[in-house]
2 protein chains.
Amino acid sequence: MATQTAAQRRDEARAAYDAYLACCPARELLDTLSDKWVSLILNALSDGPLRYSDLGRIIAGVSQKMLTQTLRGLERDGLVSRTVTPSVPVRVDYALTELGHDLQPVMLAIKRWAEGNIDQVHSARKAYDTRL
Amino acid sequence: MATQTAAQRRDEARAAYDAYLACCPARELLDTLSDKWVSLILNALSDGPLRYSDLGRIIAGVSQKMLTQTLRGLERDGLVSRTVTPSVPVRVDYALTELGHDLQPVMLAIKRWAEGNIDQVHSARKAYDTRL
DNA sequence: CTGAATCCGTGGCGATACTG
DNA sequence: CAGTATCGCCACGGATTCAG
């Protein structure tokens, strides 16, 4: 039975975290926004719809896997819409949904705070690092 | 030379990401807030200073390692202050700095949006999942 | 062009044990 | 009480390959 203890603990931890997420919308949102590519995609789409390949080009550094995976997640959450145009070759456009658009002010609030206080954070880090 | 290509690419990617972070305060802040324990600690401290062990108890599920590591990061960023009282036994209090306090409205904005729109996200997920 | 599937290295995190 | 040090696991992301 000892061999299952680890798995059991993992499951318990996972279950506990899920339960926690269920009762804490803020963290759920944070988990979404925290994704490295989510904010980039959301920002890229804020100016209007974009094709899959456009996104891949604009957001330099993203792999196909992560781009697709992230877009799927955003689509699932209802933040982004996916429109397929059955031409040859196929064309797929991604756009912000209304819900996704509603999120922009929040992103902006984060951006504003960050831009206004990042200097303090940086100097705090510098002070902390040199003090050792 | 082929053996170094992978390592080189990783380094390049890392360097690119660092450069990107340097010019994008919003993502830097997001990287901080996204941490599983940061928001919990910030929220716990919003009501006033707490001792190390208090934090560990209030934030059920956090390991000593992560608690210490997260607190160090927050202290380094100037969001949290660490006060040692050299008694026996030693007493250490953690509190929000002014900068950390300034961040609360942003956290609140995130919380508000999440609480107001989480239902839509959940129903969107449900619709997406059942559609397959 | 837009993806799906697979392999694989590595870094983050939890658990455990030890210290002042 | 408040940490530090070490180890092992596995989940995440990048690269690559195949498909409609």
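On a predicted model such as this, the values are computed, not experimentally measured, just so you know. First the proteins, then the strands, lettered A, B, ... as listed; each starts at 1.
As rounded to whole Å, 10 Å separates atom C1' of D:dG14 from atom CH2 of A:Trp37. To the nearest angstrom, P of D:dA5 lies 16 Å from CE of B:Met66. A straight line from CG of B:Leu67 to C1' of C:dG14 spans 14 Å, rounded to a whole angstrom. Atom P of nucleotide D:dC12 and atom CD of A:Gln69 are separated by 9 Å, given to the nearest angstrom. As a whole-Å value, the separation of B:Leu55 CG from D:dA2 P is 10 Å.
The local environment of CZ in A:Arg125 is crowded, with over 12 non-hydrogen atoms from other residues, nucleotides or ligands closer than 6.0 Å.
Residues satisfying the side chain to side chain contact (heavy atoms under 4.5 Å, CB included) test with A:Thr68, not counting sequence neighbours, are A:Tyr52, A:Arg72. With sequence neighbours excluded, no residue satisfies side-chain hydrogen bond (donor to acceptor under 3.5 Å, both in side chains) with A:Asp119.
Side-chain atoms of B:Ser63 come within 3.5 Å of backbone atoms of B:Met66 as a donor-acceptor pair (strictly under, hydrogens ignored). Judged by distance alone, the side chain of A:Thr85 and the main-chain N or O of A:Ser87 form no donor-acceptor pair under 3.5 Å. Distance alone, capped at 3.5 Å, is enough to place a donor-acceptor pair between the A:Thr97 side chain and the A:Leu79 backbone.
Note on residues 37-54 of chain A: pairs passing salt bridge (charged side-chain N to carboxylate O under 4.0 Å, His left out), not counting sequence neighbours, are A:Asp54-A:Arg57. Sorted by first then second residue, the salt bridge (charged side-chain N to carboxylate O under 4.0 Å, His left out) pairs that include residues 79-94 of chain A, not counting sequence neighbours, are A:Arg91-A:Asp93.
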Query raised in the report: What is the per-nucleotide protein-contact pattern of nucleotides 2-8 of chain C, from the 5' end, where B denotes a base atom under 4.0 Å from a protein heavy atom, S denotes such proximity for sugar-phosphate atoms only, and - denotes neither?
Result: SBB-B--

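Helix-axis bend for the helix from C:dC1-D:dG20 to C:dG20-D:dC1: the local axis fitted to the five terminal pairs at one end deviates from that at the other end by 40°, rounded to 10°.
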